[in-house]
Amino acid sequence: MHESIPLHGGLVRLEPIGPEHRAGLLAAATEDRTTFRHTYVPVDRAAVDRYIDRALLDGAAGLAATYTVRRAGDGEIAGSTRLRELEYWRAGVWPPRPGHVDPDGIPDAGSIGSTWPAPWAQRTGINTESKLLLLTLAFETWKVHRISLQADRRNLRSRAAIEGLGATFEGVRRAHFLGADGSPRDSAQYSILRTDWPGVASGCAGGRAVAPWSGAVRRLPAEPPVPGR
C-alpha cells in the first residue's frame, strides 16, 4: 500500500489524518454548520472519532488516503479531504474491486471527495489548493490514469469549484447514494485524465481556479431535466 505523505502548499498543509487532529476537526465541523447541507460532516466528538477510525482503516486497506487540512500560516485545522475509491488495475482481478491492491501498492485511478472546508476557509483558496496538491500527488507521483470528482447535483458552489479546476463534466448519476439530507442523491460527475493534467495544472497556475464564485455553473454538455426537481 502507498504511504500517505504530508503535502505542502502556499496556503495549506495537508497532513495524513490521525487521532492528534481530533480536537481541530471537531472545532471545524461544529462551529458553523450552515454550509454543510449537501455534505456529510461529523456532528460531534463521537462522530469525529468514528470518522478518523474509518479513514485509518480505509487507508490501511488501500481504499483511500485521507488528509486533515491545515492553514499554512497558523496551523489552524480547516477541514478534511481525501483521495478515495482508489482503483488498482494490475492486481490480477477483473474488474478491479476493493480489497485487491497492485503489487507495488500504487493506485491506477481514483477520485477526490469527502471534502469539507470549515465555513471560514471557504472561498479563500484553501479548498482549491488542497485539490491541486492531491491532483499533483495523483498524477505526478502515482502516475494515475484518471481522477474523478463529484458533487451533489444541487451543490452549485462545489460544482463551480470543480469546474474551475478544468475538470470535464461527464453527466449526472441519478440516485447515486443516500445524500447528507437523507434523500437519494443525484451526483454530478467530472473527471481529469492524465492527458488533461498538464493543461489543468497550467491553467490553475495561471489563476483560473481561484476566481470568486459567481453563482453560475457551466454545463458541459447540457443536463437533461430530472422529473420532480
Side-chain angles (χ1 to χ4, degrees), residues 2-36 38-42 48 51-52 55-56 58-59 64-86 107 110-142 144 147-151 155 157-167 190 192 197-198 200-213:
H2 61 86
E3 181 180 356
S4 295
I5 57 175
L7 306 174
H8 300 271
L11 297 175
V12 300
R13 181 170 74 252
L14 304 187
E15 300 176 356
I17 197 168
E20 67 275 16
H21 300 136
R22 180 179 292 109
L25 287 171
L26 179 63
T30 58
E31 182 178 359
D32 178 0
R33 296 183 60 85
T34 56
T35 62
F36 295 152
H38 299 303
T39 305
Y40 172 75
V41 180
V48 169
Y51 188 87
I52 294 172
L56 294 175
D58 286 349
T66 304
Y67 288 90
T68 295
V69 180
R70 286 190 185 273
R71 183 164 54 191
D74 59 8
E76 183 172 358
I77 288 179
S80 182
T81 189
R82 71 185 69 188
L83 284 155
R84 66 180 193 183
E85 298 174 354
L86 300 180
S111 69
I112 292 175
S114 300
T115 300
W116 53 272
W120 62 261
Q122 296 171 19
R123 303 183 70 182
T124 64
I126 284 177
N127 188 31
T128 295
E129 189 174 74
S130 297
K131 283 184 169 61
L132 290 176
L133 289 171
L134 295 181
L135 288 167
T136 301
L137 171 65
F139 285 113
E140 298 185 10
T141 299
W142 294 350
V144 301
I147 289 294
S148 300
L149 304 99
Q150 63 185 22
N155 192 341
R157 188 186 299 274
S158 290
R159 294 182 62 181
I162 292 170
E163 291 175 1
L165 291 170
Y190 300 82
I192 299 172
W197 171 240
V200 169
S202 176
C204 292
R208 180 184 64 199
V210 297
W213 182 62

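What you see is a predicted model, and the numbers here were worked out from it, not measured in a lab.
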Q: Look at the side chain of Tyr67 and the backbone N and O of Ile5, then say whether any donor-acceptor pair between them is shorter than 3.5 Å.
A: yes

(Q) So, using side chain to side chain contact (heavy atoms under 4.5 Å, CB included) as the criterion, who are the partners of Tyr40 when residues are at least two apart? (A) Pro42, Ala47, Tyr51

Q | Partner set under side chain to side chain donor-acceptor pair (under 3.5 Å) for Arg22, not counting sequence neighbours | A | Asp49

Q: Decide yes or no on side chain to side chain donor-acceptor pair (under 3.5 Å) for Gln122 and Thr35, but give the supporting numbers first.
A: CA-CA 9 Å; Gln122 296 171 19; Thr35 62; 2.8 Å; yes

Q. Does some side-chain heavy atom of Ser158 sit less than 4.5 Å from a side-chain heavy atom of His38?
A. no

Q | Test log, rule side chain to side chain contact (heavy atoms under 4.5 Å, CB included), inputs Leu132 and Leu165 | A | CA-CA 8 Å; Leu132 290 176; Leu165 291 170; 3.9 Å; yes

Q | For Ala72 against Gly10, the heavy-atom pair lying closest together | A | CB-O, 3.7 Å

Q: Please report the closest heavy-atom contact between Asp58 and Arg82, naming both atoms and the distance.
A: OD2-NH1, 4.3 Å

Q: Quick one: closest heavy-atom pair of Thr66 and Ala55, and the distance?
A: OG1-CB, 3.7 Å

Q. Looking at Leu134, Val200, Ile112, which hits side chain to side chain contact (heavy atoms under 4.5 Å, CB included) with Ile147?
A. Ile112

Q: Would you please name every residue forming a side chain to side chain contact (heavy atoms under 4.5 Å, CB included) with Thr141, sequence neighbours left out?
A: Leu137

Q: List in chain and number order the residues that pass side chain to side chain donor-acceptor pair (under 3.5 Å) with Ser130, two or more places apart in sequence or in another chain; answer none if no residue qualifies.
A: none

Q. Shortest non-hydrogen contact from Ser80 to Leu25?
A. CB-CD2, 4.3 Å

Q: Could you tell me which residues satisfy side chain to side chain contact (heavy atoms under 4.5 Å, CB included) with Thr30, sequence neighbours excluded, listed by chain and number?
A: Leu26

Q. So which pairs with a foot in residues 126-136 pass salt bridge (charged side-chain N to carboxylate O under 4.0 Å, His left out), sequence neighbours left out?
A. none

Q) Can you list the steps and then say if Val144 with Phe139 is a side chain to side chain contact (heavy atoms under 4.5 Å, CB included)? A) CA-CA 5 Å; Val144 301; Phe139 285 113; 3.7 Å; yes

Q: Report the C-alpha separation of Ser111 and Ser148 in whole Å, then their side-chain angles, then the decisive distance to 0.1 Å, and conclude whether the side chain to side chain donor-acceptor pair (under 3.5 Å) test is met.
A: CA-CA 4 Å; Ser111 69; Ser148 300; over 6 Å; no

Q) Does Gly75 offer a backbone N or O that forms a donor-acceptor pair with the side chain of Arg70 under 3.5 Å? A) yes

Q. Can you name the closest pair of heavy atoms from Pro119 and Ala28 and give their distance?
A. CD-O, 4.3 Å

